[in-house]
Amino acid sequence: MNKIAVVGAGISGLSIASYLEKHQLDYHIYERRKKDDLTGHGFLLPKEGIEYLSQIVDQSLLYKQGNFLKKYIRYSHQGKILAEKELHDVFVISRSSLIDILARNIPAEKITYEETVIPCTLQKGKLKKHDGTYLDSDLAIVSDGSKSRIRRETFQDEVMRTVQEYEIVNIIKCKEIAACLEDNFMKYHHEDGGLTFGILKLSEDTVLWYAQFDHEKYKISEASTVENLKSYMFEIFNDWDPMVSSIVKGSNYENVHLWRVYELEKLNPFFNDNIVFIGDAAHPLIPFTSQGVTSALKDSFTLTQCLITEENRVDAFRKYEAERKPEIEIHIRNGRTLLNEFLKPLHQQTENILPISYK
Ligand SMILES: Cc1cc2nc3c(=O)[nH]c(=O)nc-3n(C[C@H](O)[C@H](O)[C@H](O)COP(=O)(O)OP(=O)(O)OC[C@H]3O[C@@H](n4cnc5c(N)ncnc54)[C@H](O)[C@@H]3O)c2cc1C
């Protein structure tokens, strides 16, 4: 096998590098951010995600850094319990912890931080470093996220659009709230639809909360400064159940972030020439599915298997796409169903729906 360049050290880039390392394949990762810049929030992972992660990371370390959720409780925005569901093997972990655990698999000399890789407009299939030199590789695995610049340059007719749902996410330190959440995943829903507030315990002293909102109905200013997000949250959630309004008012906002959610109108091929796409770069999935990370892990596993077993690159890429695309299409459909449910008034929504897409 020839030399492989991996672009992006998010979940998909680090997980495929872990598999390449395991199989002693020659690779190098290029990552735009600084090594210690581990921003981001948290992920819900279904059982399958844990199983794939367990192939490449130390399970006891993983379990120490996250939390298994036992019960999903669905509330109205005034605090009335609408439904409850036992959860089996649903795990929550912060993005920074997961990136940190995955990065431990990669020898320091095989990863370059603060290196933005860009497509070469003049020579198709070639990728450049910021100093203008070409990447030293025979094939490139591109894992640079949902707004992948390399994918947009490769498939110039793709249509990317915003989803009618944005999210404001925050991570706060608070032992008291973490203790009172126990291992429950609590989610509050406005009766008119299009507005929810979810709370999860990441660890004994850390809590993740998020608001999902229909941005056509609950308009937000374009400037997503901390002050703007804070006053938006205060205004929108002021009269909700005290559990929600007190968290919103009592939170520290230094980690708050607004996620604008995007999707592709139609999936592109997962490869072109000597470039293959994995994770969000191949297929942005809306957060409602809770399948972004698991899908990235499965892409990494499948592509590595195909690279090992197939005789040539094209067969490997074809087999990878044939195995992964049908499942991704199911998650895209499920994501749209979950989005439509979310936009409806509460009394029209399916009662016991879990905010996760299953195949
Ligand atoms: C609000 C929100 C909530 C979510 N909740 C969940 C959830 O509960 N469960 C779940 O499974 N998924 C969830 N997801 C989806 C999940 O975050 C993604 O599917 C997952 O992070 C994809 O990982 P990735 O490695 O493909 O992309 P990313 O995590 O985006 O990583 C891309 C990496 O590439 C780097 N990069 C970008 N451009 C370049 C370049 N030109 N050169 C070099 N490096 C570059 C970036 O710095 C980054 O490190 C959520 C997403 C959002 C927005």
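Just so you know, ligand 1 is whichever comes first in the structure, and atom 1 is the first atom listed for that ligand.
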Give the residue, atom name and distance (to 0.1 Å) of the protein heavy atom nearest [atom].
atom: atom 13 (C) of ligand 1; answer: Phe43 CD2, 3.8 Å
atom: atom 51 (C) of ligand 1; answer: Pro287 CG, 4.2 Å
atom: atom 47 (O) of ligand 1; answer: Glu31 OE2, 2.6 Å
atom: atom 11 (O) of ligand 1; answer: Val293 N, 2.8 Å
atom: atom 8 (O) of ligand 1; answer: Leu44 N, 2.8 Å
atom: atom 18 (C) of ligand 1; answer: Asp280 OD2, 3.3 Å
atom: atom 42 (N) of ligand 1; answer: Val117 N, 2.9 Å

Would you please indicate if the ring centroids of [X] and [Y] are separated by under 6.0 Å?
X: His77; Y: Tyr188; result: no
X: Trp209; Y: Phe197; result: yes
X: Phe68; Y: Tyr63; result: yes

Where the closest heavy atom to atom 25 (O) of ligand 1 is concerned, which of Ser295, Gly42, Ser12 has it?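 Going through Ser295, Gly42, Ser12 one by one, Ser12 has the nearest heavy atom to atom 25 (O) of ligand 1.
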Nearest heavy atom to atom 27 (O) of ligand 1: which of Gly145, Gly10, Ala281 does it belong to? Gly145
Pick out which of Asn340, Val261, Leu339 makes a side-chain contact (heavy atoms from CB on, under 4.5 Å) with Phe288. Leu339
Which segment of Glu167 sits under 4.0 Å of ligand 1 when only heavy atoms are counted: side chain
Between Leu343 and Gln164, is any pair of side-chain heavy atoms under 4.5 Å apart?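 Sidechains of Gln164 and Leu343: in contact.
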Report yes or no: does a heavy atom of [X] sit under 4.0 Å from some atom of ligand 1?
X: Arg149; result: no
X: Ile118; result: no
X: Ala296; result: no
X: Leu285; result: no

Quick one: sort the Phe301 and Tyr52 rings into parallel, tilted or perpendicular, breaks at 30° and 60°.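 Rings of Phe301 and Tyr52: perpendicular, as their planes differ by over 60°.
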Where does the angle between the aromatic ring planes of His28 and Tyr30 fall among parallel (under 30°), tilted (30 to 60°) and perpendicular (over 60°)?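 It falls in the tilted class, 30° to 60°.
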Should the pair Arg336-Glu263 be classified as a salt bridge under the 4.0 Å nitrogen-to-oxygen rule?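 Looking at Glu263 together with Arg336, the answer is yes, because their closest N to O distance falls below 4.0 Å.
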N/O to N/O below 3.5 Å, does that happen between Arg32 and ligand 1? yes
Qualifying residue for ring-ring contact (aromatic ring centres under 6.0 Å, His included) with Phe213, from Tyr218, Tyr232, Phe342: Tyr232
Are Lys85 and Tyr72 in a cation-pi contact, defined as NZ or CZ under 6.0 Å from the six-membered ring centre and within 45° of the axis?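 Because its charged atom misses either the 6.0 Å distance or the 45° angle limit, Lys85 does not stack over Tyr72.
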Taking only heavy atoms of Glu115 into account, list the atoms of ligand 1 that are under 4.0 Å away from them.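 Atoms satisfying the 4.0 Å criterion: 42 (N), 43 (C).
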Which of the atoms in ligand 1, numbered in the order shown and given with their element, are less than 4.0 Å from a heavy-atom of Gly292? 10 (C), 11 (O), 12 (N), 19 (O)
